[in-house]
Amino acid sequence: MNRSRCLYTTLLLLMGLLPFNRQAAAQQVVSYSALGLEFQVPNGWHGQEGDGVYLIQHHSIPGMLVLMPHEATSLDALRAGAHEGITESNGSSLQANGEITSFGSNGIRLDMAGLVEWSPSQAHVIALLSPHGRGVVVLAIAPYNQFSEAYRTYAETLAHSIVFSAPVTPPIVHEWEEGLRYYQLARYNTNTSYDGGSSSKEVFTLCDGYFTYYSSYSGFSNNYDGPGNDGIGLDGSGVSAAGSGGSSGTWEVVSDYTDGALLRLRYEDGNEVDYDLSYEDGKTYLDDTRYLRTEGSCQ
């Protein structure tokens with residue numbers, strides 16, 4: 001659940017990579033209060049959490065069922081996301097394979113086809129809107145030559161079991177909000193060697209609902225390869241480079257839908273970025289990278 005999002009994400013790539021418990025599982029109710037979501041794992045199927053998704057497998061049925069939240073807030077946005085499909089860098093690309101139709105009064109459904117980790121695959125997708133905002137996507141995925149009407153039924157059964165409620169914001173979200181408001185998060189990086197060196201700085205200042213971002217870089221090379229070599233002066237002097245930039249936008253802390261929190265930054269150009277927040281040994285981390293937290297300068 002991270003970074004700029006389309007309706008469907010790279011988490012589909014988990015298909016086939018998870019260890020599976022061959023013991024048939026009894027029907028179970030799964031609830032995520034932070035999402036306002038409850039659903040039932042069907043009899044004979046086994047479910048487990050992935051990275052921001054819930055994955056369901058069967059010991060004798062190829063493929064899997066996948067549930068994951070989406071960011072759309074209207075049926076038009078759901079349809080637009082379905083038309084975009086999925087295109088990722090590591091061998092996965094799924095596109096609409098047929099007509100997009102309605103699913104009840106709050107959803108859409110469609111078939112998709114393409115590649116999942118370079119393997120030809122098909123899927124039936126049902127995307128639902130919650131009356132409380134956003135919603136969930138259900139996918140039934142199979143190897144291309146094994147997809148059948150049964151997978152549409154699997155997706156329907158799972159979708160019909162979904163119950164939406166008002167999301168409950170976990171306490172950790174409020175804790176992070178209070179811990180970051182009016183503070184500055186800075187990361188410094190310096191590298192030196194015989195040939196030269198570089199330094200960079202990245203600073204987020206989190207004020208009351210808005211943030212500013214500043215970054216700078218400088219580097220120097222003192223290699224001397226002799227007269228006539230590109231980038232090196234005849235007197236042996238090195239070359240240097242420097243630059244800086246900045247931007248701003250709005251920020252908030254949101255639930256990661258499990259037991260953690262995300263720092264969500266919305267830049268003025270419309271780009272949205274999420275960072276996993278963690279705190280260990282008195283140190284603050286964004287996506288496992290340490291940032292120095294100090295009082296910010298907000299006016």
Side-chain angles (χ1 to χ4, degrees), residues 1-15 17-18 28-39 41 47-56 64-73 77-78 81 86 88 127-130 132-139 158 162-181 183 185 187 202 204 206 209-211 213 249-267 270-291 293:
M1 302 289 299
N2 210 345
R3 318 307 171 270
S4 299
R5 292 184 174 94
C6 61
L7 179 58
Y8 314 117
T9 75
T10 59
L11 295 170
L12 294 175
L13 306 181
L14 293 172
M15 187 179 81
L17 300 181
L18 296 173
Q28 65 182 101
V29 176
V30 180
S31 180
Y32 290 96
S33 60
L35 272 172
L37 174 67
E38 183 178 283
F39 59 90
V41 176
Q48 66 185 89
E49 290 183 2
D51 184 8
V53 297
Y54 195 86
L55 306 149
I56 303 173
M64 65 166 45
L65 308 179
V66 181
L67 285 94
M68 56 188 174
H70 65 71
E71 299 296 318
T73 56
L78 285 179
I86 307 163
E88 301 298 339
L128 300 174
L129 290 175
S130 167
H132 305 282
R134 301 178 180 174
V136 68
V137 179
V138 175
L139 304 100
L158 189 53
I162 292 173
V163 177
F164 291 113
S165 60
V168 177
T169 303
I172 192 172
V173 170
H174 298 299
E175 293 170 7
W176 273 108
E177 284 177 342
E178 293 303 313
L180 294 179
R181 186 178 289 113
Y183 277 84
L185 298 174
R187 179 170 66 94
E202 182 181 54
F204 296 99
L206 305 176
Y210 73 93
F211 75 93
Y213 171 76
T250 61
W251 71 278
E252 63 177 330
V253 178
V254 298
S255 170
D256 68 356
Y257 306 129
T258 56
D259 57 356
L262 305 173
L263 173 62
R264 176 165 295 168
L265 304 178
R266 294 186 178 93
Y267 289 85
N271 189 34
E272 183 177 295
V273 182
D274 286 351
Y275 293 93
D276 291 307
L277 290 168
S278 58
Y279 189 78
E280 185 176 351
D281 296 329
K283 301 171 184 177
T284 300
Y285 293 85
L286 274 59
D287 283 351
D288 297 323
T289 298
R290 185 191 174 189
Y291 281 73
R293 188 176 71 100

Contact summary for Val173 and Val254, nearest pair of heavy atoms: CG2-C, 3.8 Å
With the side chain counted from C-beta on, respond yes when Arg134 and Pro69 share a heavy-atom pair under 4.5 Å apart, and no when they do not. no
For the residue pair Leu158 and Phe39, establish whether any side-chain heavy-atom pair is separated by less than 4.5 Å. yes
Considering all heavy atoms of both residues, which atom of Arg266 and which atom of Glu252 are nearest to each other, and what is their separation? NH1-OE2, 2.7 Å
Heavy-atom closest pair (Tyr213 atom, Glu202 atom, distance to 0.1 Å) is OH-OE2, 2.9 Å
As an exercise, state the distance from CG of Leu206 to OG1 of Thr250, rounded to the nearest 0.5 Å. 11.0 Å
Under 4.5 Å between any side-chain heavy atoms of Tyr291 and Phe204, yes or no? yes
So do Ile162 and Val138 actually touch side chain to side chain, heavy atoms under 4.5 Å? yes
Pairwise distance OH(Tyr279) to CZ(Arg293) - rounded to 0.5 angstrom: 6.0 Å
Using modelled atom types and a 3.5 Å cut-off, is there a donor and acceptor pairing between side-chain atoms of His70 and backbone atoms of Leu128? yes
Got a second to check how far Ser165's OG is from Tyr32's OH, nearest 0.5 Å? 14.0 Å
Nearest heavy-atom neighbours spanning Leu78 and Ala72: CD2-CB, 3.7 Å
Output the distance between atom CG (Leu55) and atom CG (Leu65), rounded to the nearest 0.5 Å. 9.5 Å
Do you know the tightest heavy-atom contact between Val253 and Ala261? CG1-CB, 3.8 Å
How about Ile56 and Leu67: do any of their side-chain heavy atoms sit closer than 4.5 Å? yes
Would you give the length of the straight line joining atom NE2 of His132 to atom CZ of Phe164, rounded to the nearest 0.5 angstrom? 9.0 Å
From OG1 (Thr284) to OH (Tyr183), nearest 0.5 Å: 10.0 Å
Has Asp276 got a side-chain atom pairing as donor or acceptor with Leu262's backbone, closer than 3.5 angstrom? no
Hey, are the side chains of Leu180 and Leu185 touching, using non-hydrogen atoms and a 4.5 Å cut-off? yes
Side chain proximity check, Tyr54 to Val41, heavy atoms < 4.5 angstrom: yes
Checking Tyr267 now: which residues fulfil ring pair (Phe, Tyr, Trp, His ring centres under 6.0 Å) with it, not counting sequence neighbours? Phe211
